[in-house]
Novice: 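Shown below is the structure under consideration.
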Amino acid sequence: MTEIVQEDRAKKVAALREAGVDPYPARGVEAVPVGEVLMGAGTAEEPGALVGESVVLAGRLVGMRDFGKLIFAPVMDRTGRMQVGLQKGRLSEWWPQRKSLDAGDLVAVRGELGFTQKGEPTVWAEEITLLAKAVAAPPEKWHGLTDKEARYRRRYVDLWASPEVMEVFRQRSQILSSIRKFLEARGYLEVETPTLHPIMGGATARPFVTHHNALDSDLYLRVAPELYLKRLIVGGMERVFEIARNFRNEGLSLRHNPEFTMLELYQAQADYTHMMEITESMLSSLAQELHGTTKVEWRGKTFDLKAPFQRVSYIEAFREANQCEFDDEAAVRARAKELGVKDHGDYWKLMNDVFEETVEKDLIGPLFLCDYPVQICPLAKRSPEDPRLAERFEIFVDGIELGNAFTELNDPQDQFERFEAQVASKDPESPAEVDVDYVQALEFGMPPTGGLGIGIDRLVMLLTGQDSIRDVLLFPAMRRIASQDDDASEENA
RNA sequence: GGGUGCGUAGCUCAGUCGGUAGAGCAACUGGCUUUUAACCAGUAGGUCCCAGGUUCGACCCCUGGCGCACUCACCA
């Protein structure tokens, strides 16, 4: 038993066992969802079909209002919350046991559906069964859980104590379901590719490293599924998507969690303009399905996700904000110095840092930032119109990147050289070796392909109006608390 | 990693120019058959985050640590 157990409740568990009542029975109860019972109740003036019938509810007892020979107790399940009335007259045999019940307990109730004098739909209990005793006390009934740490660490309490939190995660589920339907309707196959990668790739980010004992080799938790998904395009699957958990060994923030969910999709015979169309169409239909409108409120602003989104040229935005060309090295270096942007050695990284400093936060959108310098796009195809640029776009809303897409590079020679350049950079965020197998896949021929990645957590933030990524993750990353560390060291000893 | 703020009863929060702490809810006892955060009377509940220091005396002041939130840096 842990320190959160309430002594009085633990005593009740013992007393119940003594009395031959199992406080944790093995079987649940077939019950009618509360939402359905409420539908069938109608109102006191216009009673519904279920009124007068016997119904069974199962859920959490979230309160107890005791009048001596009558107790009102709201019961909650996933579909809603309604009142149960416990009357001495209808429950004479059980009545002496009533003190063994507490707010927070899980119960089943069978009784007649009716109304109170105030017109509240109520199940007048004829039988009440304890399904599981809560030996820990529920949070304060009026304020609920407000401490953010407690809410994140004890999401299992927060979910039922805070209906608006449950609603965010219900919407998250709906969004994922809608995405799947949307892509399946367009002929996409959902696939699963490895999470353990022998070579890092698909994005520049610091990886988590782990070790496979039997193979005696280090493996990386994936930072992106990209290179595997494109192998599937070579394999002829032609339209694939994965809702992938990615892992990046970097800082936490309102918009960053070390593990996060990314939708990646690839389509043969397509390019980045098709990806723009998919993005616009998907985001607007998601908003429409969720809210009945393409307008969403986020971070104190209103955004309209109606297609088409604005297109902004990377190099033009760069020129406008910095009064110089992106490839005018001397001018850009001078500008970087002026802005106090640190030089990490690589010109193109510096150029992009200048861009991010001067342009990115002002990209309110929703908009597509298009056509990036090819040097910062190791997996994107060069633009046929301007060889300095790659066919790539990122989606921005309120200065925050929601997604990234390109016309995929399918020239194995070009890809090999760009990988070599990455390896030569010795950047800890770049792979240490060329992914030869991936180049070989391209050598077998990858059709012209468009690819798109969308950060699902950020998308859910946008669509549900949440400011923090932690509020759209059921169990956001948290530091281990000291007592857990102690437990772990004991186990390891 | 840097900066700012916070950490007091199971929960939500007060509080003290430095003299060992209080409310509401939850719990317990009693009363009440129509409440909606029910109500009324009573009881119990605290390593005031941890460790040092200053002091006759620290929940309060100082130093260090831990945790969380916000923020900056890196990144999506």
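Quick caveat: nothing in here was measured; it's all calculated off a predicted structure. Lettering of chains follows the sequences in order, A, B, ..., and the numbering in each one begins at 1.
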Novice: From the list B:U34, B:U29, B:C68, which nucleotide is the closest neighbour of the side chain of A:Lys99?
Specialist: B:U29

Novice: On a whole-Å scale, what distance lies between the C1' atoms belonging to B:U55 and B:C59?
Specialist: 15 Å

Novice: Identify all side-chain donor-acceptor contacts of residues 54-74 of chain A below 3.5 Å with residues at least two apart in sequence or on another chain.
Specialist:
{"residue": "A:Arg60", "atom": "NH1", "partner": "A:Gly104", "partner atom": "O", "Å": "2.8"}
{"residue": "A:Arg65", "atom": "NH2", "partner": "A:Gln83", "partner atom": "OE1", "Å": "3.0"}
{"residue": "A:Asp66", "atom": "OD1", "partner": "A:Gly68", "partner atom": "N", "Å": "2.8"}

Novice: Of all the choices, B:A37, B:U34, B:A27, which nucleotide is nearest to the side chain of A:Phe72 once you look at every atom?
Specialist: B:U34

Novice: Will you find, in the side chains of A:Asn352 and A:Tyr314, an N or O donor that is under 3.5 Å from an N or O acceptor?
Specialist: yes

Novice: Name the pairing partner of B:U4, where a pair is Watson-Crick or G-U wobble with both distances under 3.5 Å, or state none.
Specialist: B:A69

Novice: Looking only at side chains, do A:Glu190 and A:Tyr188 share a donor and an acceptor under 3.5 Å apart?
Specialist: no

Novice: Mind checking whether A:Ile175 and A:Leu290 have side chains closer than 4.5 Å, heavy atoms only?
Specialist: yes

Novice: So, is B:U4 syn or anti if syn means the angle is within 90° of 0?
Specialist: anti

Novice: Check whether any side-chain N or O of A:Lys148 sits under 4.0 Å from OP1 or OP2 of B:G7, and answer yes or no.
Specialist: no

Novice: Once you apply a heavy-atom cut-off of 4.0 Å, does A:Glu401 come out as touching a base, just sugar-phosphate, or nothing?
Specialist: sugar-phosphate

Novice: Which residue lies toward the 5' end of RNA chain B, A:Glu250 or A:Leu145, if each is placed at its nearest nucleotide?
Specialist: A:Leu145

Novice: Using purine N1 to pyrimidine N3 plus N6-O4 or O6-N4 for Watson-Crick, or N1-O2 and O6-N3 for G-U wobble, each under 3.5 Å, what pairs with B:G10?
Specialist: B:C25

Novice: Determine, for A:Glu192 against A:Arg222, whether the closest basic-nitrogen to carboxylate-oxygen distance falls under 4.0 angstrom.
Specialist: no

Novice: Using a heavy-atom cut-off of under 4.0 Å over every strand shown, decide if A:Lys11 touches base, sugar-phosphate, or nothing.
Specialist: nothing

Novice: In whole angstrom, give me the gap between the P atoms of B:A51 and B:C66.
Specialist: 15 Å

Novice: Assign each of A:Glu140 and A:Thr116 to its nearest nucleotide of RNA chain B by heavy atoms, then name whichever residue's nucleotide is nearer the 5' end.
Specialist: A:Glu140

Novice: Is there a Watson-Crick or G-U wobble partner for B:U54 with both distances under 3.5 Å, and if so, which one is it?
Specialist: none

Novice: Roughly how far apart, to the nearest Å, are B:A26 and B:G64 at atom P?
Specialist: 43 Å

Novice: List the atom of A:Ser253, the atom of A:Ile469, and the distance in Å for their closest heavy-atom pair.
Specialist: O-CG2, 3.7 Å

Novice: Please list, by residue number, the residues of residues 158-169 of chain A whose heavy atoms come closer than 4.0 Å to an atom of RNA chain B; answer none if no residue qualifies.
Specialist: none

Novice: Side chain of A:Leu254: nearest nucleotide among B:U71, B:U34, B:U36?
Specialist: B:U71

Novice: Using the six-membered ring of A:Phe475, assess whether NZ or CZ of A:Arg155 lies under 6.0 Å from its centre and within 45 degrees of the ring axis.
Specialist: no

Novice: What contact category does A:Asp353 fall into here, base, sugar-phosphate, or nothing, at under 4.0 angstrom with non-hydrogen atoms?
Specialist: nothing

